[in-house]
Participant: 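The following block contains the structure, expressed as structure tokens.
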Protein chains: 2
Amino acid sequence: MRIGEIAALVGLTTRAIRHYHHVGLLPEPERRPNGYRTYTVRDAVLLARVRRLTELGLGLDEVRDVLADDAGRELAEVLAELDADLARQQAELGARRRRLAELLAAGPAEGEPVSPGLAALLARAPVTTSPSAAKDREHLTLLDATGAAGEQMYAALAPLVTDPGVLALYERLDELAGAPVDDPRIGPLADALVAAVPAGLLDAVPADGPVAPGFQEALLAEYAPAQAEVVRRVMAAFVEGGRT
Amino acid sequence: MRIGEIAALVGLTTRAIRHYHHVGLLPEPERRPNGYRTYTVRDAVLLARVRRLTELGLGLDEVRDVLADDAGRELAEVLAELDADLARQQAELGARRRRLAELLAAGPAEGEPVSPGLAALLARAPVTTSPSAAKDREHLTLLDATGAAGEQMYAALAPLVTDPGVLALYERLDELAGAPVDDPRIGPLADALVAAVPAGLLDAVPADGPVAPGFQEALLAEYAPAQAEVVRRVMAAFVEGGRT
DNA sequence: CTTGACCTTGACGCAACGGCAGGGTTTCTA
DNA sequence: TAGAAACCCTGCCGTTGCGTCAAGGTCAAG
């Protein structure tokens, strides 16, 4: 048989068969004077075996092992291992689909895939055009994504979200956008912000050591000078009280 | 932030982030004078988004699409498509695992993964050292693998397997190993073989045209000259009666 | 003699990075 | 203050299982 014939017979492509030769899965067969490979029935049997094993999901080197020592014991061993692997993959897929369903159910219009806890929180937040509020939400989604945020943290934040006083605080922060760093409004605003944070929040944030040093710098760089000063003071207050 | 810091923050490797820059998923950030990349909080938010989307199973170009037009509509669309894909993969895995279980249940000692129908047939076959019988079994597994064999074919073969007369035929074929092509035993043996094939078998073999020309040649090459002559005659008889 | 259907080798492409080489920078420590 | 650890940089090869040209040789039929 020529390569095309055997390929059609066992249901493989000629390219696949040549590939098997190339990687040593199957030895190169005899050649006819013109260079064509000639295959025997035994080759077909071997290739059929290869095909079934690969269709089961074995890698080519595993197939090679199975073909090599045809004790039959190796086969069962590899197959059992394979089944465990497939089961794991299946479970993984299931987990992904669950999270997917969760996302589709929670935020039907959000352009951001967030955890259900945060989604519930944001859904209850009032609409606002405050840039500071937007920034805060971004930071929250970041925390959410890093896994640093938990359900208890969102529970602690829940009262803040519906508090109209918080909106006023955001607006006061917005107003400092173009202000100098010695603006007299900085001190009172920082105090008010510290006071507004509920007691439970500090415990809810996992205190896994100080955040990377560069992160705080990057965080402050997001704000105008006067605003950054406020943020700096608020953070300082919390570091005193027991970590970030 | 430097690249290592942001990588730790969002749970990626520095290598992955540089890869994202390389493929244009994320623009290259500002550099410090020493060449180090400096990341902002916004970058972290973006990367966190990328991480969650890739963890769901999206490819990088799909992620790029979702990030590009953040309408939120595209997201739902892609996610639905993804879910369908995942479901398909899950079903595929399930099918593979079923076949695996089937194999493990059927042939606990066979070094060959065959269909349950053939496995049952071979299990009932008597032990023999006849080379011809072994060859026949190989050819059967080949048919089995190509999918050309069906349950009805195995049903038609069932009586042959338990028939002790068949063993005698195999032995007569074995005896022709070193015989010349004009051996007088050839004719009678061919007739006996043709007679031994049950009526149902011909209908059970899917007559999808003549087999590849090279295949018959390869098949005959497996046998000694006198044996090949027998096989040739048997095949000829069946071709007359209605295809191979 | 020309198609058209085969066959040959060789090399690149893919998905999403991992790992290493070879070299510079920063920072901590003795 | 030197040395080492811990970062950072670019660039290139390796992974898996083939698909897909590219550029050509071979063979049967019209």
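The chains referred to below are lettered A, B, ... by the order of the sequence lines, with proteins before strands, and numbering in each begins at 1. In this text the structure is predicted, and so the values were computed from the model without any measurement.
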Participant: Rounded to whole Å, how long is the line connecting atom OH of A/Tyr20 with atom P of D/dT16?
Facilitator: 14 Å
Participant: NA contact type, B/Thr13, heavy-atom cut-off 4.0 Å: base, sugar-phosphate, or nothing?
Facilitator: sugar-phosphate
Participant: Specify the separation, in whole Å, of atom CD1 of B/Ile17 and atom P of D/dC9.
Facilitator: 10 Å
Participant: Tell me, do A/Glu5 and B/Pro213 make a side-chain contact under 4.5 Å, heavy atoms counted?
Facilitator: yes
Participant: How many Å lie between CG on A/Asp61 and C1' on D/dG17, as a whole number?
Facilitator: 11 Å
Participant: Distance under 4.0 Å to a non-hydrogen atom of chain B counts as contact; along DNA chain C, which nucleotides mark the start and end?
Facilitator: C/dA16 to C/dT26
Participant: Between atom CG in A/Leu60 and atom P in D/dT15, what is the gap in whole Å?
Facilitator: 13 Å
Participant: Please name the pair of heavy atoms, one in A/Glu229 and one in A/Val181, separated by the smallest distance, quoted to 0.1 Å.
Facilitator: CG-O, 4.5 Å
Participant: Would you indicate whether B/Glu28, at its atom CD, is surrounded by more than 12 heavy atoms from other residues, nucleotides or ligands within a distance under 6.0 Å?
Facilitator: yes
Participant: Once you round it to whole Å, what is the distance between C1' of D/dC9 and CZ of B/Arg31?
Facilitator: 8 Å
Participant: Compare all side-chain heavy atoms of B/Ile17 with those of B/His21 and state whether any distance is below 4.5 angstrom.
Facilitator: yes
Participant: Counting only side-chain heavy atoms from C-beta out, which of D/dC8, D/dT26, D/dC18 sits nearest to B/Ile3?
Facilitator: D/dC8
Participant: Tell me: CZ of A/Arg64 to C1' of D/dT16, nearest whole Å?
Facilitator: 13 Å
Participant: Take B/Arg15 and B/Arg2, find for each the nucleotide of DNA chain D with the closest heavy atom, and name the residue whose nucleotide sits nearer the 5' end.
Facilitator: B/Arg2
Participant: Are the side chains of A/Arg37 and A/Arg32 in touch, meaning some heavy atoms are under 4.5 Å apart?
Facilitator: no
Participant: Is it true that B/Thr141 and B/Asp144 share a donor-acceptor pair across their side chains at a distance under 3.5 Å?
Facilitator: no
Participant: Taking B/Glu55 first and then B/Arg52, would you say they form a salt bridge - that is, a charged N and a carboxylate O separated by under 4.0 Å?
Facilitator: no
Participant: Whole angstrom is fine here: how far is it from NE2 in B/His22 over to C1' in D/dC9?
Facilitator: 15 Å
Participant: Return the value, rounded to whole Å, for the distance between atom CZ of A/Arg37 and atom P of D/dG25.
Facilitator: 18 Å
Participant: Looking for any heavy atom pair under 4.0 Å, which part of the strands does A/Arg32 touch: base, sugar-phosphate only, or nothing?
Facilitator: nothing
